[in-house]
There are 2 protein chains.
Amino acid sequence: MMTTSVDDRVDSLLSKLGSRITGPRRRVARLLASKQGSFSAEALNEELPDVGRATVYRTLKLLSDAGVLCKTTLPDGSPRYSIDHSWHHHHLICSSCRTVEEFRHSALERLLCEMSAEIPGQVLGHRVELYVTCMHCL
Amino acid sequence: MMTTSVDDRVDSLLSKLGSRITGPRRRVARLLASKQGSFSAEALNEELPDVGRATVYRTLKLLSDAGVLCKTTLPDGSPRYSIDHSWHHHHLICSSCRTVEEFRHSALERLLCEMSAEIPGQVLGHRVELYVTCMHCL
DNA sequence: TCGATCATTGAGACGAGATATCAAAATGAT
DNA sequence: ATCATTTTGATATCTCGTCTCAATGATCGA
């Protein structure tokens, strides 16, 4: 097994951030590692009855700021988290099952980059979301 | 003056929608007409102490559904409303002053339309947001 | 113009998602 | 092992809304 354990990766991330390695943070991270697709903070919270609500939210924020997680807002305004696979990407959001998927599109990036030059002020970043009915729901 | 009064326009919109023309709805609409840029529902509510909270939110929803208003979510998740100038558009959001501005870009639309063909599932719509520091804040 | 009907209102309860407070517990540098 | 500093979690609080329901008021037909 060449695979580093989840705990090892979390430990090194946390120390890189200058944050302490604690039990609750590991428990949140382990649960995240077992997830795929998108999930709500509240769902995680319910799956971790022995970790305080505030700590779940704090850890989610910590990991989002660190770029490990990605926070998206569904069209109705409800927030979803997903693992950030660490390249710049955008989201396909299924209006039916509310699943969030990543996608990348180089032509789109290029165009957005070109557009930035035309826009007054300084462009800091962008977000693109496509609302779809996914194959599974069709 | 060729200008139709706000009340007249609101009246005709409401009857087109099959909704009743009421005092509270007029008061909300008048305030909206005096606004420029983006605003939060709560701010409107505070400026209309004689209109019930529920009614403010209901009217905002009514007008959003009717396409008169446009609801956006700032990166931090807080919602903003703005007058929808009634063509498909996207948003420039100033990260500093949180102002929301509309923009249109035909090449971007064309590309997004082309992309829809490549994407598995059925594309229903899209949203593009550019985060900027606006001229005013620079 | 007058009622009858039915949409609308507003006070307040409720709910989701999230942050603030603060005493107690855990971490980790020494 | 010590101790300053972080972190935790119970709870209160906040924001943005929706729901309920009795009272009100707009509209339409006679």
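So that the names make sense, note that chain A is the first sequence line, chain B the second, and so on, each numbered from 1.
By the 30° and 60° cut-offs, the orientation of the rings of B:Tyr81 relative to B:Phe39 is parallel.
Straight-line distance from the CG atom of B:Leu60 to the C1' atom of D:dC16: 11 Å, rounded to whole Å. As a whole-Å value, the separation of B:Asp11 CG from D:dA26 P is 12 Å. Taking atom CZ of B:Arg27 as the reference point, atom P of C:dT8 lies 16 Å away to the nearest angstrom. With rounding to whole Å, A:Leu48 atom CG is found 13 Å from D:dT8 atom P. As rounded to whole Å, 11 Å separates atom P of D:dC16 from atom CG of B:Leu44. Distance CZ (A:Arg26) to C1' (C:dA26): 13 Å, rounded to an integer number of Å. Protein atom CG of B:Asp50 is 15 Å distant from nucleotide atom C1' of C:dA11, rounded to whole Å. Regarding A:Tyr57, its OH atom lies at a distance of 19 Å from the P atom of D:dT13, rounded to whole Å.
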* To do: Give the C-alpha distance, both sets of side-chain angles, the deciding distance and a yes or no for side-chain hydrogen bond (donor to acceptor under 3.5 Å, both in side chains) between A:Gln122 and B:Tyr131.
  => CA-CA 9 Å; A:Gln122 187 185 352; B:Tyr131 303 119; over 6 Å; no
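Taking only side-chain atoms of B:Thr55, from C-beta outward, the nucleotide of C:dT9, D:dG17, D:dG9 with the closest atom is C:dT9. Taking every side-chain heavy atom of B:Arg25 into account, C:dT8 is the closest of D:dG17, C:dT8, D:dC16. In the set D:dG17, C:dG10, D:dT8, C:dG10 carries the atom at the smallest distance from any side-chain atom of B:Val51. Checking D:dT20, D:dG9, D:dC16 against the side-chain heavy atoms of B:Arg58 singles out D:dT20 as nearest. Relative to the side chain of A:Lys71, the nucleotides C:dA18, C:dT8, C:dG28 differ in distance, and C:dA18 lies closest. Taking every side-chain heavy atom of B:Glu42 into account, D:dC16 is the closest of D:dC16, C:dA11, C:dA18. For A:Pro79, whose side chain is taken as the heavy atoms from C-beta onward, the closest listed nucleotide among C:dA18, C:dT9, D:dT18 is C:dA18.
Judged by distance alone, the side chains of B:His90 and B:Glu109 do bring a donor and an acceptor atom under 3.5 Å apart.
Residue contacts for B:Ala54: at a heavy-atom cut-off of 4.0 Å it reaches a base atom on one of the strands shown.
B:Glu47 and B:Lys35 are joined by a salt bridge, as a carboxylate oxygen and a charged side-chain nitrogen come within less than 4.0 angstrom of each other.
Nearest-nucleotide mapping onto DNA chain D: of B:Ser19 and B:Ser40, the residue sitting toward the 5' end is B:Ser40. Checking B:Lys61 against B:Arg20, the closest nucleotide of DNA chain D that is more toward the 5' end is the one next to B:Lys61.
Within the structure, a side-chain polar atom (N or O) of A:Thr22 is placed less than 4.0 Å from OP1 or OP2 of D:dT8.
Residues B:Val100 and B:Arg80 approach most closely at CG2-CB, 4.4 Å, considering heavy atoms.
Checked by distance alone, A:Arg53 brings a side-chain donor or acceptor within 3.5 Å of a matching partner on the base of C:dA18.
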